[in-house]
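Down below is the structure, laid out as structure tokens.
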Amino acid sequence: RDRLGTIGRTTFQSLARARGAAITDAEIADLYDPAKKLGAMRVLRVLETQVLREPADFHRITYEYLAGHAAQGVRHAEIFWNPTPSVADAAAYARLLSGITAAMADAQADHGITALVIPSIDREAPPETALAMVEWMIARPDKRAIGIGIDYNENKGPPEFFTAAYALAGRHGLKRTAHAGEFGCPAAHIRTALRDLAVDRLDHGYTALDEPDLCREIADRGVVITVVPTNTYYRRTLPPERWAEDHPIRRMPAAGLAIHPNTDDPPIHHIDPTGCWAMMHDAFGFDAADIRQFMLNGIEGAFVDAGTKAAWQKGFTAEFDALLQEKTP
């Protein structure tokens with residue numbers, strides 16, 4: 001799962017120039033510099049509101065993302081897209097969505113990678129805009145727009161603000177996931193996402209570890225959690241010499257949580273899928289059996305049908321085991 005931050009620097013800069021956006025090449029370059037992250041949110045807001053204006057723009061960034069990930073061995077991707085900063089009604093939503101879904105079809109034909117899009121609530125905007133976004137999805141359904149998510153600053157938009165939007169999505173058969181427990185936010189946010197938003201999957205979920213009963217509830221419900229090894233909050237707040245030892249990801253499987261590693265804006269975080277999975281072993285110490293299980297967790301948590309999951313479980317497991325045997329002395 002990734003977001004608009006997957007856009008490459010040169011693509012961002014060329015599109016910004018073409019649109020006459022109020023941002024310089026240098027400001028955009030800073031977004032990709034790990035030492036200069038303070039203005040990241042403003043730059044991303046310019047991307048949403050001034051740069052990505054046409055279906056062709058969304059086609060370009062989606063196709064580039066999927067082609068790059070296919071080259072890394074990724075077979076399926078589920079991408080977040082916050083439509084509300086870019087559009088104001090169902091027609092405009094469908095117009096821009098068409099660029100994303102056309103790119104997904106093209107990438108599947110050219111590179112064999114499948115993809116779905118998850119229109120995502122901007123939690124920094126009023127709850128009414130979240131409800132409107134779900135209404136657009138209902139009015140203009142698309143088989144690749146499989147469900148809803150929610151992201152941006154969790155401190156500004158706790159999950160309880162958006163129960164109406166999630167309830168409407170559920171009534172219309174849309175899948176539901178939510179960023180919760182991302183920035184050291186309280187475990188109560190995760191509980192709300194689980195019980196009141198009725199999520200099918202969780203994103204981040206790190207602070208569930210603060211409450212063993214909550215971990216058991218997540219496990220009992222079979223909810224998969226997508227985690228991000230490069231999560232900036234823990235890299236910023238934990239001692240550099242101990243960040244890997246103290247990172248919540250390291251303890252989540254032992255607490256019974258089914259996790260699946262994700263990149264989360266690869267160019268900005270200077271990571272790719274190969275590096276993300278390598279970190280699970282190199283930084284956090286998980287062995288081959290753990291990695292195999294994380295792969296299976298991802299299949300179980302994917303928003304695809306049961307038949308596809310069964311085929312992937314069989315095929316991916318056979319490939320994994322053959323590669324492991326080949327690489328084991």
Side-chain angles (χ1 to χ4, degrees), residues 1-3 5-6 30-44 80 123-124 150-159 177-194 201-216 218-219 223-287 290-291 293-294 297-298:
R1 62 165 179 82
D2 290 293
R3 298 174 291 182
T6 59
D30 285 350
L31 179 68
Y32 300 88
D33 184 340
K36 299 179 180 180
K37 283 286 189 282
L38 293 180
M41 186 57 69
R42 189 190 85 80
V43 175
L44 289 173
F80 287 110
R123 69 197 319 156
E124 296 181 19
I150 183 170
D151 56 13
Y152 279 128
N153 193 329
E154 189 176 340
N155 292 293
K156 294 183 179 180
T177 186
H179 285 49
E182 180 177 5
F183 303 112
C185 295
H189 286 195
I190 301 170
R191 189 181 305 106
T192 299
L194 196 66
R201 192 169 72 205
L202 277 166
D203 304 306
H204 297 286
Y206 310 117
T207 51
L209 292 172
D210 296 342
E211 298 187 11
D213 288 348
L214 179 58
C215 289
R216 283 191 290 272
I218 295 168
V223 173
V224 173
I225 304 177
T226 64
V227 298
V228 179
T230 54
N231 175 274
T232 54
Y233 174 80
Y234 291 102
R235 294 297 295 267
R236 186 175 68 249
T237 58
L238 293 173
E241 68 279 6
R242 290 196 54 84
W243 78 269
E245 287 78 5
D246 295 341
H247 200 292
I249 288 176
R250 194 181 184 95
R251 295 176 281 129
M252 292 174 84
L257 300 175
I259 65 172
H260 181 258
N262 287 253
T263 48
D264 203 6
D265 302 338
I268 295 175
H269 291 108
H270 296 268
I271 193 69
D272 56 28
T274 299
C276 172
W277 284 83
M279 284 181 71
M280 298 299 285
H281 171 72
D282 298 341
F284 300 136
F286 294 114
D287 63 18
D290 296 320
I291 300 298
Q293 186 59 55
F294 301 156
N297 293 344

- Below 4.5 Å, heavy atoms only, C-beta onward: do Ile190 and Thr207 meet side chain to side chain? yes

- Query: Quick one: NE2 on His179 to CZ on Arg123, what's the gap to the nearest 0.5 Å?
  - Reply: 8.0 Å

- Side chains of Thr6 and Asp265, donor plus acceptor under 3.5 Å: no

- Step by step, work out the side-chain contact (heavy atoms from CB on, under 4.5 Å) result for Glu124 and Tyr152. CA-CA 7 Å; Glu124 296 181 19; Tyr152 279 128; 3.7 Å; yes

- Query: Could you give the distance from CZ (Phe183) to OG1 (Thr237), rounded to the nearest 0.5 Å?
  - Reply: 11.5 Å

- Under a 4.5 Å cut-off applied to non-hydrogen side-chain atoms, are Ile218 and Leu194 in contact? yes

- Start with the C-alpha gap between Asp246 and Tyr234, add the side-chain angles, then the distance that decides, and say whether side-chain contact (heavy atoms from CB on, under 4.5 Å) holds. CA-CA 9 Å; Asp246 295 341; Tyr234 291 102; over 6 Å; no

- Query: Tell me, do Asp290 and Met280 make a side-chain contact under 4.5 Å, heavy atoms counted?
  - Reply: no

- Verify side-chain contact (heavy atoms from CB on, under 4.5 Å) between Val228 and His204, making sure each step is shown before the conclusion. CA-CA 7 Å; Val228 179; His204 297 286; 3.6 Å; yes

- Find out whether Ile291 and Asp287 are in side-chain contact, i.e. whether some heavy atom of one side chain is under 4.5 Å from a heavy atom of the other. no

- Item | Thr177 side-chain N/O to Arg201 backbone N/O, donor-acceptor pair under 3.5 Å | yes

- Would you find a donor on one side and an acceptor on the other, under 3.5 Å apart, between the side chain of Asn297 and the backbone of Ala258? no

- Item | Which atom of Thr263 lies closest to which atom of Thr230, heavy atoms considered | O-OG1, 3.7 Å

- Query: Can the ring centres of Phe284 and Trp243 be said to be less than 6.0 Å apart?
  - Reply: yes

- Task: May I ask you to test the Ile259-Pro253 pair for a side-chain heavy-atom distance under 4.5 Å?
- Result: yes

- Task: Rounded to the nearest 0.5 Å, what's the gap from CG on Leu209 to CG on Leu257? Could you check?
- Result: 6.0 Å

- Message: Going by the rule side chain to side chain donor-acceptor pair (under 3.5 Å), which residues pair with His260 if we only count those two or more places apart in sequence or in a different chain?
- Response: Asn262

- Rounded distance (nearest 0.5 Å) linking atom CD1 of Ile249 with atom CG of Asn231: 7.0 Å

- Query: Can you check whether Asp203 reaches Asp264 side chain to side chain, under 4.5 Å on heavy atoms?
  - Reply: no

- Mind checking whether His247 and Tyr206 have parallel, tilted or perpendicular rings, split at 30° and 60°? perpendicular

- Contact summary for Cys215 and Ala255, nearest pair of heavy atoms: CB-O, 3.8 Å

- Atom pair OH (Tyr233) and CG (Leu238), whose distance is rounded to the nearest 0.5 Å: 8.0 Å

- Task: Enter the distance from Asn155:CG to Glu182:CD here, rounded to the nearest 0.5 Å.
- Result: 9.5 Å

- Message: Can you confirm whether the side chains of Glu154 and His189 place a donor and an acceptor under 3.5 Å from each other?
- Response: yes

